[in-house]
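This structure is a prediction, so every number in the text was calculated from the model and none was measured.
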Amino acid sequence: MEYLLQCTIFICRMNGVSYRPGYVTLHRSGELRKRGGALWNTMGECQLCPRECKVTRLEGETGFCQATSALKVASFSPHFGEERPLVGVGGSGTIFLSHCNLGCVFCQNWDISHQGAGLACTIEDLAHMMLELQARSCSNINVVTPTHYSPHVLLGLDLAASRGLRLPLVYNTSGWERPDILEVLDGVVDIYLADFKYTDPLLASKYSAEAENYPILTKAALMEMNRQVGVAAPELNGVIFRGLIIRHLVMPGNVSGSLEAMRWIAAHLPADTYVNIMLQYRPAFRAHLYPEINRPVSRQEYIQVVEEARRCGLTHLDVDL
């Protein structure tokens, strides 16, 4: 009880830096719960993601993602493998949500995203996880693959805020989001951690279950995310509390359209946008069925992308060189 009382009177003071998450104000006004309820009702004919399956998840039906209205969580813990400005000292407080709306054939977490590994949880359970991660000195609450569970995230956040949660919220997404859903998240999310997987609609369709509109919707989403939270800039303690972080996974044979992705970011977003150019691709799940992506990325392929990003004038790059 003493801990919770202390939480209610300070504004996220970590390593000497004070930050007040936007969701705190929305919670106090009742707006956060209202928005969570509106998203919950959307599951009546689910259109939370661009697939717009329109199944009745509230009655147990499932669409592409295979999730009903019952929340499933694969794991939660401090995570030290995220970008350094998210990890801080105590780690990023990750909550891995089960299922996924994108369905990439090369997914490294296929047991969670495709097979739905995880345990059924309530909104109360989710709020408890958030508060436990705060108690373990995590730098933020990092909800992984949240798109199809956005109602649960907002309602869990509202409950946790009522009990003293004051950590920034990281929305760790594939980038493939509906613009109208992102509008509901305005003021709720502190940090958007968004993938930018493809620039070619045909390749997006081929490797991500016919998600042909991935490039156009993700570009729109990235611009909306930037409008909401701006550039992600580390504080004096090196930790990021607010802003957009873009992840781009370099893939074999330029499947991800990496050079075009760097050019698009440079042309449409601030030059100091935080861009993590990732070298971690390894063939996983069903990648072996596609010879062109059934190999790691070469060092030269990766360096070419980094050089293009620099040539385009991008100044805040997280690279593996």
Problem - Heavy-atom donor-acceptor pair, Asn226 side chain to Met223 backbone, under 3.5 Å - result: no
Exercise for the section: State whether a side-chain donor-acceptor pair under 3.5 Å links Tyr198 with Ser208. Expected result: yes
Problem - Shared hydrophobic cluster for Val55 and Leu58 (ILVMFWY, side-chain gaps under 4.5 Å) - result: no
Practice task
Go through Glu82 and Arg247 one step at a time and tell me if the salt bridge (Lys or Arg N to Asp or Glu O under 4.0 Å) criterion holds.
Solution key: CA-CA 11 Å; Glu82 302 286 50; Arg247 285 176 166 174; 2.6 Å; yes
Problem - Salt-bridge present (Glu52, Arg178; N to O < 4.0 Å) - result: yes
Exercise for the section: Measure from the side-chain N and O atoms of Gln66 to the backbone N and O of Gly63, and report whether any donor-acceptor pair falls under 3.5 Å. Expected result: yes
Problem - Note, Asn101 side chain near Pro50 side chain (heavy atom, < 4.5 Å) - result: yes
Exercise for the section: Could you pull out the closest heavy-atom pair between Ser98 and Gly118, with the gap in Å? Expected result: OG-CA, 3.6 Å
Problem - pair Ile265-Val275: side-chain heavy atoms closer than 4.5 Å - result: yes
Handout entry: Nearest atoms (heavy-atom pairs only) where Thr218 meets Gly175
Key = OG1-O, 3.3 Å
Handout entry: Path from Ile240 to Tyr192 over hydrophobic side-chain contacts below 4.5 Å
Key = no
Practice task
For Glu301 and Ser298, indicate whether the former's side chain and the latter's backbone hold a donor-acceptor pair under 3.5 Å.
Solution key: yes
Exercise for the section: Would you kindly say whether Glu61 and Thr68 are connected by a side-chain donor-acceptor distance under 3.5 Å? Expected result: no
Problem - Side-chain donor-acceptor contact under 3.5 Å, Tyr171 with Asn142 - result: no
Exercise for the section: May I ask you to check whether Asn213 and Trp176 show a side-chain donor-acceptor distance below 3.5 Å? Expected result: yes
Problem - Ser150 side-chain N/O to Pro146 backbone N/O, donor-acceptor pair under 3.5 Å - result: no
Practice task
Group every Ile, Leu, Val, Met, Phe, Trp and Tyr by side-chain heavy-atom contacts under 4.5 Å, then state whether Leu126 and Met43 land in the same group.
Solution key: yes
Exercise for the section: For residues Leu185 and Arg35, determine if any side-chain heavy atom of one lies less than 4.5 Å from a side-chain heavy atom of the other. Expected result: no
Exercise for the section: May I ask whether Val189 and Met225 are part of the same hydrophobic cluster, defined by side-chain heavy atoms of I, L, V, M, F, W, Y residues being less than 4.5 angstrom apart, directly or through others? Expected result: yes
Handout entry: Verdict with reasoning, Ser205 to Leu202, per side-chain contact (heavy atoms from CB on, under 4.5 Å)
Key = CA-CA 5 Å; Ser205 179; Leu202 295 181; 5.6 Å; no
Practice task
Please determine, by modelled atom types, if Tyr207 and Glu292 share a side-chain donor-acceptor pair under 3.5 angstrom.
Solution key: yes
Handout entry: Validation row: Thr25, Glu31 side chains within 4.5 angstrom (heavy atoms)
Key = no
Practice task
Report yes or no: do Thr273 and His316 form a side-chain donor-acceptor pair below 3.5 Å?
Solution key: no
Practice task
Take Leu39 and Ile181 through the side-chain contact (heavy atoms from CB on, under 4.5 Å) test and state the conclusion after the steps.
Solution key: CA-CA 8 Å; Leu39 290 178; Ile181 300 298; 3.8 Å; yes
Fill in the blank from the handout: So CG of Leu249 and CZ of Phe106: to nearest 0.5 Å the spacing works out to 6.5 Å
Practice task
Looking only at non-hydrogen atoms, find the nearest pair between Ala271 and Gly313 and report the distance.
Solution key: CB-O, 3.6 Å
Problem - Pairing of Arg163 and Glu124 as salt bridge, 4.0 angstrom limit - result: yes
Handout entry: Asp318 and Tyr274 side chains, donor-acceptor separation under 3.5 Å
Key = yes
Exercise for the section: Test side-chain contact (heavy atoms from CB on, under 4.5 Å) on Glu83 and Leu193 and set out the steps. Expected result: CA-CA 10 Å; Glu83 287 77 357; Leu193 180 57; 3.9 Å; yes
Practice task
Determine, step by step, whether Arg310 and Glu307 satisfy the salt bridge (Lys or Arg N to Asp or Glu O under 4.0 Å) criterion, reporting the C-alpha distance in whole Å, the side-chain angles of both residues, the deciding distance to 0.1 Å, and the verdict.
Solution key: CA-CA 5 Å; Arg310 289 172 174 166; Glu307 290 178 346; over 6 Å; no
Practice task
May I ask you to decide if Phe241's main-chain N or O and Glu235's side chain share a donor-acceptor pair within less than 3.5 Å?
Solution key: no
Problem - Side-chain heavy atoms of Leu279 within contact of Arg299, under 4.5 Å - result: yes
Practice task
Please state whether the rings of His114 and Phe285 are parallel, tilted or perpendicular, taking 30° and 60° as the class boundaries.
Solution key: tilted
Practice task
Kindly say whether Leu321 contributes a backbone atom to a donor-acceptor pair with the side chain of Tyr302 at under 3.5 angstrom?
Solution key: no
Practice task
Taking Tyr281 for its side chain and Ile293 for its backbone only, find out whether a donor-acceptor pair lies under 3.5 Å.
Solution key: yes
Handout entry: Of Pro215, Ser174, Ser256, the residue whose pairing with Lys197 passes side-chain contact (heavy atoms from CB on, under 4.5 Å)
Key = Ser174
Practice task
Side-chain contact test, heavy atoms from C-beta onward, threshold under 4.5 Å: evaluate it for Cys65 versus His148 and give yes or no.
Solution key: yes
Practice task
State whether a side-chain donor-acceptor pair under 3.5 Å links Asp272 with Thr315.
Solution key: no
Handout entry: Donor-acceptor contact below 3.5 Å, side chain Arg166 vs main chain Ala161
Key = yes
Handout entry: Short side-chain to backbone donor-acceptor contact, Asn254 and Ser258, under 3.5 Å
Key = yes
Problem - Approximate separation, where rounding is to 0.5 Å, of Cys104 SG and Asn109 CG - result: 11.0 Å
Practice task
Over 60° means perpendicular and under 30° means parallel, so classify the ring planes of Phe96 and His79, tilted if in between.
Solution key: perpendicular
Handout entry: Path from Ile245 to Val229 over hydrophobic side-chain contacts below 4.5 Å
Key = no
Handout entry: Atom CD1 of Ile303 with >12 non-hydrogen neighbours under 6.0 angstrom
Key = yes
Handout entry: Side-chain heavy atoms of Leu154 within contact of Tyr23, under 4.5 Å
Key = no
Practice task
Output yes when a side-chain donor or acceptor of Asn140 lies under 3.5 Å from a complementary backbone atom of Leu167, and no otherwise.
Solution key: no
Exercise for the section: Could you label the plane-to-plane angle of the His152 and Tyr149 rings as parallel, tilted or perpendicular, counting under 30° as parallel and over 60° as perpendicular? Expected result: perpendicular
Practice task
Report yes if the side chains of Leu165 and Pro21 come closer than 4.5 Å at any heavy-atom pair, otherwise no.
Solution key: no
Handout entry: Side-chain donor-acceptor pair present, Gln228, Glu224, cut-off under 3.5 Å
Key = yes
